[in-house]
Number of protein chains: 2
Amino acid sequence: MTQSPDVKAPDFADLDEAVAILRERGMRLSTSRRLVLDALFRAGTPVTAEGVATELGLDLASVYRNLETFERQGLVRHVHFGHGPGLYMLSGHDDREYLFCEQCGAVRALEPAQLEPVREQIRKLSGYEARFAHFAIVGRCPDCQRA
Amino acid sequence: MTQSPDVKAPDFADLDEAVAILRERGMRLSTSRRLVLDALFRAGTPVTAEGVATELGLDLASVYRNLETFERQGLVRHVHFGHGPGLYMLSGHDDREYLFCEQCGAVRALEPAQLEPVREQIRKLSGYEARFAHFAIVGRCPDCQRA
DNA sequence: ATACTTGCAAATGATTTGCCAGTGT
DNA sequence: ACACTGGCAAATCATTTGCAAGTAT
């Protein structure tokens, strides 16, 4: 099952630091792991497991396993926009939260700080601590509202 | 594909009114359709397609087809909480929006009016018109925050 | 040396689709 | 009658799991 992190997201700025973190935690650093991590650093955008597997010529199942491992270590997270596969990205580097236009598919990112008042509203209303990081906020973008 | 409604949600208070609406629109009122609709009226809570199929002894595929038909007619909508199957409910009757605790699974419903300020914030921030009706807002409930 | 990782194949879970027999209007 | 609907089986899509063979430490 796709998991929330087991540990707090550590700080890391590049592949070497990420690798160091994993090593400190006693994880094995296989070639595939390094490649997957590297692919995430190189991609400017959230990527699908399938995209990574194809790009690297690795088995899809292994990519999913690696992504889940990284996710448990707090190095990676993934977001669900409407249907379709989850999108994976480095956490820490890309902690933005997403708005997804259900009509045209447009994606808009917001910084966590910008959404804080929204979270605050929800907190007041319900006591729930909303985490928009996992499911994008679905709605309609300005363009599609005009249409 | 699971669709947004093709038409505005009509008003209907009971099975007969719902049936009347469908009939006006030239849809056939098969026994199964009536049964599925009735099951939704009887259920106090959002239900899965599977639950309906099992309860009624209908084929799962047909139930999905019927639910989608109703959804296109604006009579039904479905929401996704974390993983797992979508939950279907009558629209109009149950237009609330949901908060889902990703840790314990607790569900909390809010009236659309209550969430209006939240939508307003998001509108100001991004121009997006958020529709929490399709994906629940995921977060942690008060109990799980304590834990 | 040995426990952890891989690729491959097969299993899952949710939902959809093809097809032909059955039924509402 | 005829177009639309239902059941059944099989297909899809995203993701997970079992297993034997390979590899990092």
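Two residues, Thr31(B) and Pro85(B), neighbour DNA chain C, and the one matched to the more 5' nucleotide by heavy-atom proximity is Pro85(B).
Leu110(B) and Phe100(B) are members of different hydrophobic clusters when ILVMFWY side chains are connected at heavy-atom separations under 4.5 Å.
For the pair Arg23(B) CZ and dT25(C) C1', the computed distance is 9 Å after rounding to whole Å. Note: CG (Leu56(B)) to P (dT5(D)) measures 18 Å, nearest angstrom. In this structure, the CG atom of Leu22(A) is 15 Å from the P atom of dA24(D), given to the nearest Å. Residue Leu29(B) contributes atom CG, which lies 13 Å from atom C1' of dT23(C) at whole-angstrom precision. Per the geometry, OH belonging to Tyr64(B) stands 18 Å off P belonging to dT12(D), to the nearest Å. Between Glu68(B) atom CD and dG6(D) atom C1' there is a gap of 16 Å when expressed in whole angstrom units. The CZ atom of Phe70(B) sits 12 Å away from the C1' atom of dT5(D) (whole-angstrom rounding). Met27(B) places its CE atom 16 Å from the P atom of dA3(D), with the value rounded to the nearest Å.
Ser62(A) comes within 4.0 angstrom of a base, heavy atoms only. Contacts of Arg34(B) with the nucleic acid, taken as non-hydrogen atoms under 4.0 Å apart, are absent. Note on Leu60(B): a base of the nucleic acid sits closer than 4.0 angstrom, heavy atoms only.
Look at Arg123(B) and Glu129(B) and you find a salt bridge, because one of the NZ, NE, NH1 or NH2 atoms lies within 4.0 Å of a carboxylate O, short of that distance. A salt bridge is defined here as a Lys NZ or Arg NE, NH1 or NH2 lying under 4.0 Å from an Asp or Glu carboxylate O, and Glu102(B) with Arg131(A) meets this definition.
What you find for Gln145(B) and Arg140(B) is that their closest heavy atoms are NE2-O, 2.8 Å. Nearest heavy atom pair, residue Ser91(B) against residue Phe12(B), reads O-CZ, 3.3 Å.
For the pair Val52(A)/Asn66(A), no side-chain contact is recorded, criterion being any heavy-atom separation below 4.5 Å from C-beta on.
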Which atom pairs link the protein and nucleotides 18-23 of chain D when you take only N or O atoms and keep those under 3.5 Å?
unit_1	atom_1	unit_2	atom_2	d
dG18(D)	O6	Arg65(A)	NH1	3.2

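Note: His134(B) and His78(B) have perpendicular aromatic rings, judged against thresholds of 30 and 60 degrees for the angle between ring planes.
Applying the 4.0 Å criterion to OP1 and OP2 of dT23(C), one finds that Ser30(B) has every side-chain N and O outside that range.
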